[in-house]
Amino acid sequence: MRLIGIFRDSGYTVENLELFRGADTLAAALALADCEVVQLTPGERIEDAVRARLYIVLSGVLEVETDGHAGTSDGSVTRILPGESVGEQSVLDDAANLDAVRAVEDTRLLVIESELAWELIDQSNAVARNLLRLLSFRIRAANALLRRRQKLGEFYRQLSLNDTLTGLYNRTWLADMLPKIVGRARAQGSPLALLMVDLDNFKKFNDTHGHLIGDAALCAAANVIRDGLRPSDFAVRYGGEELMAVLPETTAELACMVADRLCQQVREAVLFSDMRVPMPHLTACFGVAVLGPDGDEMSLIEAADAALYRAKEAGRNCVSV
Ligand SMILES: Nc1nc2c(ncn2[C@@H]2O[C@H](COP(=O)(O)OP(=O)(O)OP(=O)(O)O)[C@@H](O)[C@H]2O)c(=O)[nH]1
């Protein structure tokens, strides 16, 4: 950052500066006459960025990396054009941090020391008003950015809890939520059922029809499970071709009825709509378990797994408790 003179000799006028819009420009020009004018080369940052000072762009362009100083930048930048300023907030709260500001091209800045900025505010309602307007604009922009980040955060959170192939909840979700669902059922003394679902002979299915049709079959089975449940139930991809349904407020009898219905629907599922090739045959086994009086999430999963094993032993394409 190179000192190139003072405002009085710089050839620039107050009229084009946002901060002085509607203000007594003569008085402002007088007050600013001895202020330094500095030059930044492309990429250069403001030196002495920890000192609370107001910088007005006279020519060139500055770029502010959003939250760059907090190390949380998301890559978005704001451009500060001629007539606009940076550092207003630093002057107001005396907490400067302008190291995220850098020149895009050769840029000339008018430097207003904090004390003088306060004098200008004290002397001119128009300057105070302009400053308020500027800050309100910055707050709105910061709020919009926060909302965008919140949405993005929610999007990524969802992404981390859902299986990408089937869209069902994944193991991360299960590890977090099943203990809570079990805890709630125990606290309320309400029944809780769990269905463990495993596609039959899926290795052979893949070998025969190829992995892509295997994926489509897995998705079709996942859709059957998800669409066949109540809104208060949860469908999870437990592992490779193993799915799971968590059914709160559900007795063993009811869970068996649900499993029977889903088993039939998987059997009848349309895996793809290409009529030129014969429809592959897909079936699944269902293991049903309910939460015992002293049970926890582990024993519930183990019981459903054991029931699933019995269904496989019984010849597949069936439900076992
Ligand atoms: N297409 C596809 N296949 C998968 C996926 N995840 C797991 N598999 C396959 O599922 C098959 C599971 O095979 P096994 O565990 O031997 O079980 P199975 O052949 O279904 O036999 P049973 O369970 O005893 O009926 C493996 O060949 C895996 O490669 C997936 O995301 N897509």
Side-chain angles (χ1 to χ4, degrees), residues 155-178 193-229 233-247 250 252 255-291 297-321:
F155 173 73
Y156 282 121
R157 207 183 69 81
Q158 283 298 331
L159 215 62
S160 71
L161 299 178
N162 287 91
D163 168 52
T164 40
L165 178 66
T166 60
L168 302 189
Y169 287 119
N170 61 16
R171 284 289 278 270
T172 310
W173 179 92
L174 190 75
D176 181 36
M177 287 302 292
L178 191 59
L194 195 138
L195 312 183
M196 192 71 98
V197 188
D198 187 285
L199 302 186
D200 293 332
N201 300 314
F202 202 53
K203 183 176 179 330
K204 190 158 165 248
F205 188 100
N206 272 329
D207 293 345
T208 310
H209 304 289
H211 221 80
L212 284 180
I213 290 189
D215 282 354
L218 195 49
C219 287
N223 289 341
V224 165
I225 309 294
R226 180 180 38 222
D227 298 346
L229 299 178
D233 300 332
F234 305 96
V236 185
R237 184 175 182 192
Y238 189 67
E241 24 64 275
E242 262 190 310
L243 311 176
M244 181 191 273
V246 183
L247 315 175
T250 305
C256 285
M257 280 170 56
V258 173
D260 278 330
R261 192 185 65 226
L262 294 175
C263 187
Q264 183 187 347
Q265 286 174 349
V266 170
R267 199 181 308 135
E268 293 166 356
V270 176
L271 304 186
F272 52 82
S273 52
D274 189 343
M275 296 298 182
R276 291 165 301 179
V277 285
M279 182 74 80
H281 189 59
L282 181 71
T283 61
C285 280
F286 287 69
V288 180
V290 285
L291 184 67
E297 60 277 8
M298 293 311 290
S299 63
L300 184 60
I301 292 176
E302 276 164 17
D305 225 11
L308 178 68
Y309 181 76
R310 286 193 287 277
K312 291 278 178 192
E313 288 288 285
R316 296 180 174 77
N317 185 19
C318 64
V319 175
S320 187
V321 191

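Whatever order the structure lists ligands and atoms in, that order sets their numbers, starting from 1. Being a predicted model, the structure only gives us computed values, none of them experimental. For the single chain, residues carry numbers from 1 onward in sequence order.
- Arg157 places no side-chain N or O within 3.5 Å of a backbone atom of Ser160 that could act as its donor or acceptor partner.
- Contact annotation for Leu212 and ligand 1: no heavy atom of the residue comes within less than 4.0 Å of the ligand.
- Distances from atom 21 (O) of ligand 1 to the heavy atoms of Asp163, Asp207, Asn201, Thr283 put Asn201 nearest.
- Taking distance alone, with nitrogen or oxygen atoms compared against 3.5 Å, Phe202 approaches ligand 1 more closely than that limit.
- Note that CE of Met196 and CZ of Phe286 are 12.5 Å apart. Values are rounded to the nearest 0.5 Å.
- Near His211, meaning under 4.0 Å from any of its heavy atoms, are these atoms of ligand 1: 1 (N), 2 (C), 3 (N), 32 (N).
- The Arg316 neighbourhood of ligand 1 comprises atoms 22 (P), 24 (O), 25 (O), with distances under 4.0 Å to a heavy atom of that residue.
- Counting the atoms of ligand 1 from 1 in the order shown, those under 4.0 Å from a heavy atom of Leu165 are 31 (O).
- Here the side chains of Met177 and Val236 are not in contact, with every heavy-atom distance at 4.5 Å or above.
- Remark: ligand 1 atoms within the under-4.0 Å shell around heavy atoms of Leu199 are 20 (O), 23 (O), 25 (O).
- Look at Arg237 and you'll find a heavy atom under 4.0 Å from some atom of ligand 1.
- Geometrically, ligand 1 and Leu218 share no nitrogen or oxygen pair separated by less than 3.5 Å.
- Among all protein heavy atoms, the one lying closest to atom 9 (C) of ligand 1 is Asn206 ND2, 3.4 Å.
- Under a 4.0 Å criterion applied to the non-hydrogen atoms of Asp198, ligand 1 contributes the atoms 23 (O).
- Around atom CG of Leu212, no more than 12 heavy atoms belonging to other residues, nucleotides or ligands sit under 6.0 Å away.
- A side-chain donor-acceptor contact under 3.5 Å links Arg261 to the backbone of Gly228.
- Residue Arg237 holds its CZ atom at 8.0 Å from SG of Cys219, rounded to the nearest 0.5 Å.
- Thr250 approaches Ala255 most closely through the heavy-atom pair CG2-N, 3.7 Å.
- Closest protein heavy atom to atom 10 (O) of ligand 1: Glu241 CG, 3.0 Å.
- For ligand 1, the polar-atom distance check finds no N/O of Asp200 at less than 3.5 Å from any of the ligand's N/O atoms.
- Close contacts of ligand 1 with Gly240, meaning ligand atoms under 4.0 Å from a residue heavy atom, involve 6 (N), 7 (C).
- Partner of Asn317 under the side chain to side chain donor-acceptor pair (under 3.5 Å) criterion, chosen from Arg267, Gln264, His281: Arg267.
- By the 30° and 60° cut-offs, the orientation of the rings of Phe205 relative to Phe202 is parallel.
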Output, in order, the C-alpha distance, side-chain angles, deciding distance and verdict of salt bridge (Lys or Arg N to Asp or Glu O under 4.0 Å) for Asp200 and Lys312. CA-CA 8 Å; Asp200 293 332; Lys312 291 278 178 192; 2.9 Å; yes

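- Among all protein heavy atoms, the one lying closest to atom 32 (N) of ligand 1 is Asp215 OD1, 2.6 Å.
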